Amino acid sequence: MAKYKTKGLDCWGKAKELRQRYYQDYKEAHDRGALRWEGGAWSFDCIPQALEGEVHGLTEEPYGASIGANPAMQVRYQEAAEGKWGCANDLCAYLRNYWGSIILNEYAFGGEWPHADFIFQNHICCSHAKWLQVAGEIAGGEIPYFCFDVGVGPYDKIGERQINYVVEQLYDGIEFLEKVTGRKIDDEKLIKRVHNTYDSSCYWAKACEFNQAVPAPLDEKTMFSLYVLGTLEKSSDDVANFYKDLLYPEVKDRVDNQIAAVANEQCRVFGDSQPPWGFLRVYRYLEQYGIVSNANLYTMSLIGWWNINEKGDMVPYPTLEEQGVTLKTREDALRFLVEGELKGKLEWAPFYGATYKNDLTARMVKQWKCDAAIIHLNRGCEGTAQHQMEMKIALQKLGLPVMTFEGNMADQRQFDEARTDRLIDLFVKETLGLKKVA
Amino acid sequence: MEASEILKQFQDVWENRHDYGRDWKKRKGGKVLGYFCTYAPEEVLYAADILPIRILGGHETPSLVTPHMFDMWCPFSRDCLNQGLQGKYDDYMDGLMETNCCLHPRQAFGAWIVNKPYLWSYWYVMPNAVRSPRSKPFLRGELEEFKKAIEEWTGKTITDEDLDRGIDIMNTNRRLMKQVYELRKQDNPPLTGAEAMTMVWASQLMDKREHNELLKQLLEALPNRKLDRDPGIRLMIIGSENDDRPFMEMVEDVLGGTFVIDDHCTGSRYFWDELTPEKDRLQAIANRYCDRIPCPGKDWGMEDISRKRFPHVLQLAKDYRAQGAILVQQKFCDPHELDIPSLRRYLEGNDIPCYFLEFEVTVPIGPFRIRVEAFLEQIKAEELFG
Amino acid sequence: MTVAGIDLGGRNVHVVILKDDKVVAKAAGATGIQKAEAAGKFYDEALQQAGLKRGDVEAVVATGSSGPRVDFANGYIPDAAADARGVNRLAPSARTIIDVGGEEGRAIKINAEGKVQDFAVNEKCAAGTGTFVDTMARALEMPVEEMAKISLQSTTSIPMNAQCAVFGESEVVSLIHQNIKKLDIARAVHDAIAGRVASVTRIVGLEKDIAMIGGVAMNAGFVASLNRELGMDVIVPDDPDYVGALGAAVAASQGVFGEEVKAKVVEKETIEEGK
């Protein structure tokens with residue numbers, strides 16, 4: 001008999017529906033007189049979405065990931081990027097998917113490539129600004145382009161100077177948007193959108209915090225499908241409500257009633273970076289051995305905002321209500337938005353050194369009670385694969401068995417599935433000494 | 001001194017950089033600070049009498065690095081870290097700084113300071129949006145904090161006079177190297193591309209005051225130097241960090257081409273833009289680093305998808321009458337990988353034929369020779385029949 | 001008790017038969033395209049040597065990259081697990097194993113009981129494998145054994161790019177054109193691969209003793225290069241290419257049959273992808 005109760009998430013269907021609608025809306029936007037913009041998952045979507053009238057965005061990374069999960073499409077798109085455009089095959093795999101999609105004039109969700117009206121991007125890793133710069137070039141070169149810089153330092157070094165720099169750029173961005181679209185930014189909408197961004201980012205973190213419970217209510221494979229909404233449009237009412245009113249109470253209920261993600265949980269593993277998207281079945285394999293992958297800085301903080309509290313624990317970043325803040329003006333909205341992103345998105349901390357990654361990792365494995373780590377050395381994304389080997393050493397020093405495997409989140413040509421199967425098998429049975437429990 | 005002797009001295013510094021570093025420390029007793037990318041504000045370091053040295057390639061199989069940085073990181077960064085792990089800098093380098101550069105050296109820096117925790121280390125947040133008007137005041141603030149950190153480290157206040165001295169050392173070095181480059185416009189340049197770039201590498205490795213003295217002598221001697229060689233095809237070399245002398249020598253000595261100009265951060269991009277002095281010294285330094293010809297990683301605009309570097313590269317090609325360009329890229333170098341397909345189209349659209357090569361720690365000279373030879377033949381054929 | 005271990009790799013198959021914990025027969029050969037058939041063929045050959053029939057063997061455990069294809073085996077264990085058991089039997093003091101075969105170079109950290117603690121494997125390419133050695137020997141126009149022998153006479157170290165077998169080959173050709181002595185080139189080849197293999201080994205750490213196994217361990221020139229690179233001498237057990245098969249046989253005698261490697265039960269589920 002299974003150790004714990006388990007069941008699927010009730011809100012799963014809603015998550016699926018929201019994602020589908022997002023890509024559909026983007027495609028149909030022009031038919032409805034709405035604006036279309038391209039940006040990144042970290043692009044502060046609340047700014048362009050606060051333009052008057054109907055606006056729809058396309059975030060580059062989740063779009064590239066969607067293609068990554070479809071092997072036939074992926075190979076065609078990547079070959080177009082490498083063959084027709086001539087780019088290196090070791091660039092970000094999402095980026096190559098995205099460029100290939102434009103080159104082939106195909107939208108992965110049906111029809112021709114839907115050209116955007118403008119680009120509103122931000123930059124922290126090597127690829128972001130350049131990704132859409134080149135995308136704009138491939139698409140004809142005429143597209144208005146704005147990109148702001150958020151690479152201003154790690155969460156614990158954020159002060160007024162850093163916040164001012166980003167806020168000032170956002171004011172420039174607003175001027176740019178108004179100029180190229182002929183529409184105004186609606187401050188009421190902006191304030192609401194920033195509020196939603198807080199809810200999405202903080203409530204996702206709160207849901208992830210529940211994963212400290214034994215048994216863990218969520219496994220990473222499920223979490224991947226949930227955080228994605230925050231990478232699409234975290235400033236929308238639907239997404240914010242999903243995290244706050246659907247997911248959060250449901251995960252809380254699972255903890256209260258000991259509903260496990262993995263019914264025979266006996267080992268909790270820590271992950272890092274994105275998985276190879278075509279290889280998610282590995283989590284089902286791990287389940288048979290009672291292994292739940294329950295914590296990963298990437299999964300938890302790609303959109304989730306966190307704080308390090310006085311005790312040194314990683315805790316969800318406070319919502320505006322918890323801070324007792326009411327946003328009244330454009331200035332309020334922009335400052336709080338920037339402050340939340342720069343201080344709360346701990347996924348950005350490893351951009352400033354291995355020390356940050358090691359430090360956060362050490363806190364997480366302790367708080368989330370992880371017994372081992374399985375690290376995907378991700379050739380597809382340098383941003384999330386930073387300091388992985390140094391992190392491996394740090395985890396081993398903490399006494400955790402660690403296995404690594406090389407792969408690529410969205411380029412199956414750089415992932416040897418059979419070999420990875422063998423490695424995981426070896427790790428589970430030999431190093432962890434686990435036997436099948438289901 | 002004859003030009004060849006001076007150029008040989010530059011080569012010696014490049015080949016025996018650690019000996020130079022140790023010797024400098026013995027002679028001057030000052031602190032030595034390593035940096036990875038050319039956004040390090042060396043003006044402030046010279047103001048504090050610190051010797052800034054760039055961590056450059058060692059070109060040996062990096063056998064110690066894999067446990068700390070796996071194979072997907074650029075071979076140059078792996079090579080740099082490997083030298084650190086080997087302890088090559090242990091007896092003379094006091095600190096290491098990072099300048100918010102691309103993700104690859106960030107790995108090398110991160111692992112280096114974890115494994116050599118006794119080093120003074122500093123993360124200097126050079127903004128990415130150098131073409132935004134907001135970057136200059138931000139960088140000024142960053143410089144203020146950096147200056148303070150350096151003062152605490154050395155125990156010595158940096159005055160305006162000190163900064164003026166630092167600025168003067170740097171600007172002099174830039175001006176003199178540009179004058180040397182100017183001579184490469186001649187039909188038969190008095191120095192090869194390998195020699196010219198070695199001069200720049202030496203500048204990044206040695207005390208610029210000493211480098212400046214050598215440059216002055218070089219500028220006197222070069223007009224009298226006649227190289228007993230046919231310059232052949234005039235080439236431009238463009239791309240990632242490049243300190244691969246054997247490759248350049250192969251092209252110039254064996255294949256008979258000449259690199260007359262480059263666009264590398266180990267070449268012209270390092271020194272091309274001088275600093276314009278103003279009363280607020282830190283602001284002047286900030287302006288220089290935001291306005292310089294950017295690394296491709298920072299080359300993006302605020303209104304459109306234009307690049308600042310491309311027209312500059314084309315202008316260099318025209319000014320130096322390059323007949324073709326070799327685009328070299330360190331394997332996995334994202335900033336250049338992102339620009340190269342566009343740059344190639346841009347240059348070829350402006351009648352500069354291009355050839356692409358991917359570099360690693362050690363370059364396979366044999367296969368590269370065959371490829372470059374074919375490229376030179378293609379240019380010759382075009383000259384003849386085009 | 002009579003048991004068998006079968007190591008079915010990408011290029012070669014090795015069979016070991018243990019009777020009452022003693023090796024009574026060994027057989028090996030190329031797998032060819034029909035890998036499963038080759039396993040059966042060499043298994044029967046080994047049985048014949050020992051004067052046994054298939055029915056006399058109580059358990060068969062397979063290992064190696066094509067191990068799951070051995071349809072007559074009772075089970076399969078991953079190669080590293082087999083290596084660990086084999087080395088623990090032959091060289092109990094070993095805590096680090098370097099196994100360089102035709103298609104893979106790997107390093108394994110084990111504890112005193114022969115349990116795998118950490119594991120690292122070379123990139124998915126020929127550099128750092130036996131295939132690279134073979135390719136370079138071909139470029140030098142000599143058998144691998146000859147290349148191994150002459151490299152030991154070299155006293156000169158020449159750096160060589162071993163990132164890629166294709167480049168490596170043309171580099172060997174250009175070294176020949178530069179009139180570099182073949183013995184020095186042979187050493188350069190071994191040094192270059194040893195550098196790659198040592199890199200992988202350093203990922204798991206260089207805890208003593210280090211045992212080197214796999215087909216390439218029989219190449220004394222390579223072992224000399226590896227010793228130089230690591231700054232210590234590795235232990236090479238007898239018949240280093242049979243260690244995986246021996247380990248599989250040991251597992252069989254311990255009743256460790258492993259399981260199928262594939263998670264076949266996974267039903268195709270709709271999964272939405274994230275960033």
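If you're wondering where the values come from, they're calculated on a predicted model, not measured in any experiment. Residue numbers start from 1 in every chain, and the chains themselves are labelled A, B, ... in the order their sequence lines are given, proteins ahead of strands.
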Practice item. Let me know if B:Phe70 has heavy atoms under 4.5 Å from chain C in its side chain, its backbone, both or neither. Key: neither
Review point. Considering residues, nucleotides and ligands other than C:Lys109, do more than 12 of their heavy atoms fall under 6.0 Å from its NZ?
Key: no
Practice item. Count the heavy atoms belonging to other residues, nucleotides or ligands that lie under 6.0 Å from CZ of B:Arg369, then report whether that count exceeds 12. Key: no
Practice item. Against chain B, label C:Glu229 side chain, backbone, both or neither, depending on which of its atoms sit under 4.5 Å from a heavy atom there. Key: side chain
Exercise for review: Could you tell me which portion of B:Ile365 (side chain, backbone, both or neither) has an atom closer than 4.5 angstrom to a non-hydrogen atom of chain C?
Suggested key: neither
Review point. Is the backbone of B:Val65 close enough, under 3.5 Å, to the side chain of C:Arg202 for a donor and an acceptor to pair up by distance?
Key: no
Check your understanding: For B:Lys116, does the NZ atom sit with more than 12 other heavy atoms under 6.0 Å from it, leaving out its own atoms?
Key -> yes
Check your understanding: Distance from B:Ser63 atom OG to C:Leu230 atom CG, nearest 0.5 Å?
Key -> 9.5 Å
Study note, to complete from the structure: Between C:Ser199 and B:Pro62, the two heavy atoms sitting closest are OG-O, 3.8 Å
Review point. NZ of C:Lys182: more than 12 outside heavy atoms within 6.0 angstrom?
Key: yes
